[in-house]
Amino acid sequence: MLSVQGLGLHHSGNYLFSNVNFTIKKDDKIGLVGKNGAGKSTLLKMFTGGINFYEGTIVPEGNITIGFLKQDLDFVKGRTVWDETMQAFEQINLLKNELDEVNEQLATRTDYESDDYAQLIQRMTDLNDLLMHHDAYNLEGDVEKVLFGLGFKADDFKKITDEFSGGWRMRIELAKLLLQKNDLLLLDEPTNHLDMESIIWLEDFLKTYNGAIVLVSHDKQFMTSVCNRTFDINNKKVDDYKANYSKYLELSKERKEKQIQAKKNQDVEIKQMEDNINRFRASATKSSFAQSLIKKLDKIERIEVDNEDVSKFNIRFVQSIVPGKVIFEAKNLGKSYGDKQVFDGVDFFVERGEKIALLGQNGQGKTTLAKILSGEIKDYTGEWNLGHNVNIGYFAQNQEEVLTPNKTVLEEAEDAATEETRPRVRDLLGSFLFQGDDVTKKTKVLSGGERNRLALCKLLLRPFNVLIMDEPTNHLDIQSKEIIKLALNKYEGTLIVISHDREFLQGLADKIFEFRDGRMKEFLGNIDEYLEYRQKESIREISAERSKLQLEKDANSVSAKKIAVEKPSTDNHQPTTLVSKEQKNLINKIKKVEEKITELETEVETLEKSFTTENPSEQTLENYNSKKEELNLALEEWSFLADQVEV
């Protein structure tokens with residue numbers, strides 16, 4: 001599908017890649033791994049033609065289509081979510097428009113025996129064949145499936161895209177990309193802006209995707225589940241592992257052990273050569289031999305081994321004084337922004353030492369609650385109380401707002417340090433991968449991952465007995481996430497964390513606060529138990545959303561047929577006749593069925609609304625499914641009777 005040979009890319013004389021070779025086949029699902037700055041995103045851009053100043057060749061096989069998630073959104077203002085998503089089918093829409101034009105010409109022309117008319121008939125056939133090949137008449141079902149999977153509700157479909165945040169608009173762009181069914185799909189951190197449920201849905205979608213995928217992600221579980229091949233970018237090379245991410249870790253560990261041994265052997269060889277050079281350099285008879293050794297030494301390609309063992313980073317979030325048993329207690333807590341009620345009626349209490357994850361779709365109020373508890377937001381309804389001797393450390397999601405742009409990394413850390421922790425500043429920065437000249441960088445030039453690491457380091461420089469952390473793993477590479485998780489597992493204080501990373505939360509959170517539809521529900525259990533419960537709920541909710549859409553379509557169909565029944569044809573070519581007794585009976589039956597449909601629709605809608613506020617019992621679910629089946633049968637009966645009247 002795509003062949004790469006002798007690939008090299010350098011900047012200012014330094015190579016990012018050198019003599020890289022590999023082939024991507026149709027069913028490959030490849031995860032790109034490597035340190036930040038290794039060139040993962042750059043490689044994706046090279047595949048799309050976004051970078052063309054390189055050595056070697058990138059050759060696609062035939063006319064393959066390549067899809068790449070754009071970061072710059074160019075939505076047309078005023079377009080609905082549905083209409084914007086339908087832009088994914090640009091070529092199909094062009095074919096449909098052409099077919100409409102051909103059909104219009106066929107309907108108006110009378111030169112049935114002409115060659116032009118025959119050509120139009122042939123073009124109509126060809127267009128229909130093309131549209132059938134692309135399954136163009138089932139697109140609506142595909143669009144519904146993808147939008148539901150990415151977290152949109154049926155009511156969102158008619159809303160203007162301008163109403164949505166950047167994160168939700170990026171989901172629309174992702175939906176368009178998935179619907180295009182490209183031969184090769186390139187995804188750079190596709191789980192950014194997605195909540196946990198949407199990540200799991202995307203994971204399942206990509207596993208069965210009919211095409212090749214190359215993706216960059218710092219989500220270990222996502223990579224393991226989706227990918228069947230792993231490219232490790234390191235030391236200017238691309239090592240190809242025919243394995244998913246978890247198996248790659250095992251194989252990579254074995255490889256590194258061999259590298260370590262090879263490096264030891266090389267170090268011995270280099271030391272011996274250096275000793276000989278120093279010994280022979282001063283000798284007049286052997287100086288030429290020393291010079292040849294120097295040239296040989298210069299040509300040796302030094303073996304580099306990346307140390308990814310995070311256990312050596314013995315960092316700790318230090319707890320301050322021991323607080324009271326109750327850390328937070330909230331009663332009827334609520335928050336709104338103007339007319340938008342984010343959440344309301346929230347009751348909870350948090351006890352000392354608990355580790356709680358706040359989960360739910362973006363925009364449901366997780367960050368808002370974190371800001372209320374940390375004192376960032378003071379305008380809310382209801383009440384909440386802070387426990388005795390509680391000392392809060394807050395990690396904000398947007399680190400640009402909490403770092404001073406013109407300070408260096410070292411200055412920013414030193415300002416956060418206490419008298420006791422000041423001597424440890426450089427050591428801690430080193431543990432967070434700020435080494436050598438890195439500490440002299442201005443914070444304004446740091447990447448998103450570097451900003452997060454610095455902010456986390458600052459939290460360790462002051463003792464807190466409560467940590468509130470909003471997306472602490474955003475932009476962090478896998479190694480950095482493991483360092484943080486190790487430190488939080490050792491932390492003896494209270495933790496409230498917002499995260500969509502399942503692997504990060506496994507073994508860390510022992511209680512879940514779920515935010516959904518303006519409410520907060522407490523779930524006693526770990527992340528795996530919660531996800532099992534939520535998966536069942538999601539299936540139920542998507543089923544309800546689809547039923548809602550189908551009911552709207554059926555209602556429109558019923559309304560259209562009502563008009564046909566209630567308003568007899570006015571076609572002048574049809575003779576006027578009296579309505580027979582049999583027809584009157586049919587119309588009466590139709591009215592009774594319509595009353596039944598209205599009653600059943602009300603019952604189904606009432607049950608669906610109840611699902612948003614309480615967990616339905618098995619009996620309630622059986623009743624709901626029974627009512628839906630009755631409704632479908634009633635709609636079928638109505639359609640049959642209406643057809644009899646029209647006859």
Side-chain angles (χ1 to χ4, degrees), residues 1-4 22-32 43-44 47-49 58-70 85-96 127-152 170-191 194 197-217 219 221-231 240-245 247-248 535 538-539 542 546:
M1 179 171 284
L2 189 139
S3 176
V4 172
F22 57 80
T23 300
I24 298 174
K25 298 176 182 177
K26 181 184 176 184
D27 296 324
D28 283 338
K29 292 177 172 56
I30 300 168
L32 295 185
L43 189 59
L44 293 184
F47 290 159
T48 65
I58 299 175
V59 182
E61 181 184 311
N63 296 318
I64 67 166
T65 56
I66 299 177
F68 185 52
L69 185 62
K70 297 187 298 183
T85 308
M86 289 296 289
Q87 299 306 304
F89 310 113
E90 185 178 358
Q91 293 302 318
I92 292 176
N93 292 336
L94 290 173
L95 292 175
K96 282 184 172 180
L127 288 168
N128 271 314
D129 288 345
L130 280 169
L131 290 169
M132 291 292 286
H133 173 71
H134 290 290
D135 202 21
Y137 300 107
N138 294 314
L139 297 181
E140 289 192 357
D142 290 342
V143 173
E144 288 174 10
K145 172 186 170 184
V146 171
L147 288 177
F148 283 143
L150 292 176
F152 291 92
M170 190 58 71
R171 292 190 194 207
I172 299 171
E173 193 65 28
L174 177 58
K176 289 160 62 178
L177 181 64
L178 298 178
L179 288 162
Q180 286 169 356
K181 300 178 181 177
N182 290 290
D183 300 311
L184 175 58
L185 194 57
L186 307 176
L187 299 171
D188 193 352
E189 292 291 352
T191 58
L194 296 185
E197 288 176 50
S198 298
I199 290 171
I200 293 170
W201 176 87
L202 178 62
E203 187 178 283
D204 291 336
F205 183 94
L206 294 179
K207 281 193 289 190
T208 58
Y209 185 77
N210 187 25
I213 299 171
V214 182
L215 70 89
V216 177
S217 176
D219 187 324
Q221 199 162 340
F222 184 79
M223 292 269 280
T224 296
S225 184
V226 172
C227 299
N228 56 24
R229 193 174 171 191
T230 305
F231 285 177
D240 184 0
Y241 293 82
K242 306 294 192 297
N244 66 15
Y245 184 78
K247 184 64 177 174
Y248 147 77
Q535 185 178 27
S538 295
I539 292 170
I542 289 178
R546 283 180 174 155

- Message: I'd like to know whether NZ of Lys207 has more than 12 heavy-atom contacts from other residues, nucleotides or ligands below 6.0 angstrom.
- Response: yes
- Taking C-beta and beyond as the side chain, do Leu206 and Leu178 meet within less than 4.5 Å on heavy atoms? yes
- Item | pair Phe222-Leu202: side-chain heavy atoms closer than 4.5 Å | yes
- Message: Nearest 0.5 Å, please: how far is OH in Tyr245 from CD in Gln221?
- Response: 12.5 Å
- Assess whether side-chain contact (heavy atoms from CB on, under 4.5 Å) is satisfied between Leu177 and Asn182, documenting all intermediate values. CA-CA 8 Å; Leu177 181 64; Asn182 290 290; 3.9 Å; yes
- Got a sec: does the CG of Asn210 have more than 12 other heavy atoms crowding it under 6.0 Å? no
- About how many Å separate CZ of Phe47 and CZ of Phe68, when rounded to the nearest 0.5 Å? 11.0 Å
- Distance-minimising heavy-atom pair for Gln87 and Lys176: CB-CE, 4.3 Å
- Task: Run through Val214, Leu44, Leu215 and flag the one making a side-chain contact (heavy atoms from CB on, under 4.5 Å) with Asp188.
- Result: Leu44
- Passes side-chain contact (heavy atoms from CB on, under 4.5 Å), Leu186 versus Leu69? Steps please. CA-CA 7 Å; Leu186 307 176; Leu69 185 62; over 6 Å; no
- Item | Close side-chain approach of Leu179 and Met86, heavy atoms under 4.5 Å | no
- Between CG of Asp28 and CZ of Phe22, what distance do you get to the nearest 0.5 Å? 10.5 Å
- Looking at side-chain heavy atoms only, is the closest gap between Val146 and Phe205 below 4.5 Å? yes
- Query: For Ala243 and Thr230, which heavy atoms make the closest approach, and how far apart are they?
  - Reply: O-OG1, 2.9 Å
- Query: Is any side-chain heavy atom of Leu95 closer than 4.5 Å to a side-chain heavy atom of Gln91?
  - Reply: no
- Would you give the length of the straight line joining atom CD1 of Ile200 to atom CG of Leu194, rounded to the nearest 0.5 angstrom? 11.5 Å
- Item | Residue pair Gly31 / Cys227: nearest heavy atoms and the distance that separates them | N-SG, 3.4 Å
- Note: Lys145-Asp142 ion pair, threshold 4.0 Å (strictly below): no
- Task: Test side-chain contact (heavy atoms from CB on, under 4.5 Å) on Ile172 and Phe152 and set out the steps.
- Result: CA-CA 9 Å; Ile172 299 171; Phe152 291 92; 3.5 Å; yes
- Query: Taking C-beta and beyond as the side chain, do Val143 and Glu140 meet within less than 4.5 Å on heavy atoms?
  - Reply: no
- Shortest non-hydrogen contact from Arg171 to Ser198? NH1-OG, 3.2 Å
- For residues Lys247 and Tyr241, determine if any side-chain heavy atom of one lies less than 4.5 Å from a side-chain heavy atom of the other. no
- Reported OG-to-CG distance for the pair Ser225 and Asp204, which is rounded to 0.5 angstrom: 6.5 Å
- Query: Is there side-chain contact between Thr224 and Asn244, with heavy atoms separated by less than 4.5 Å?
  - Reply: yes
- Any side-chain donor-acceptor pair under 3.5 Å between Thr65 and Asp183? yes
- Item | Separation of Lys29 NZ from Ile24 CD1 (nearest 0.5 Å) | 12.5 Å
- Query: When you check the gap from the basic side-chain N to the acidic O, do Lys242 and Asp240 get nearer than 4.0 Å?
  - Reply: yes
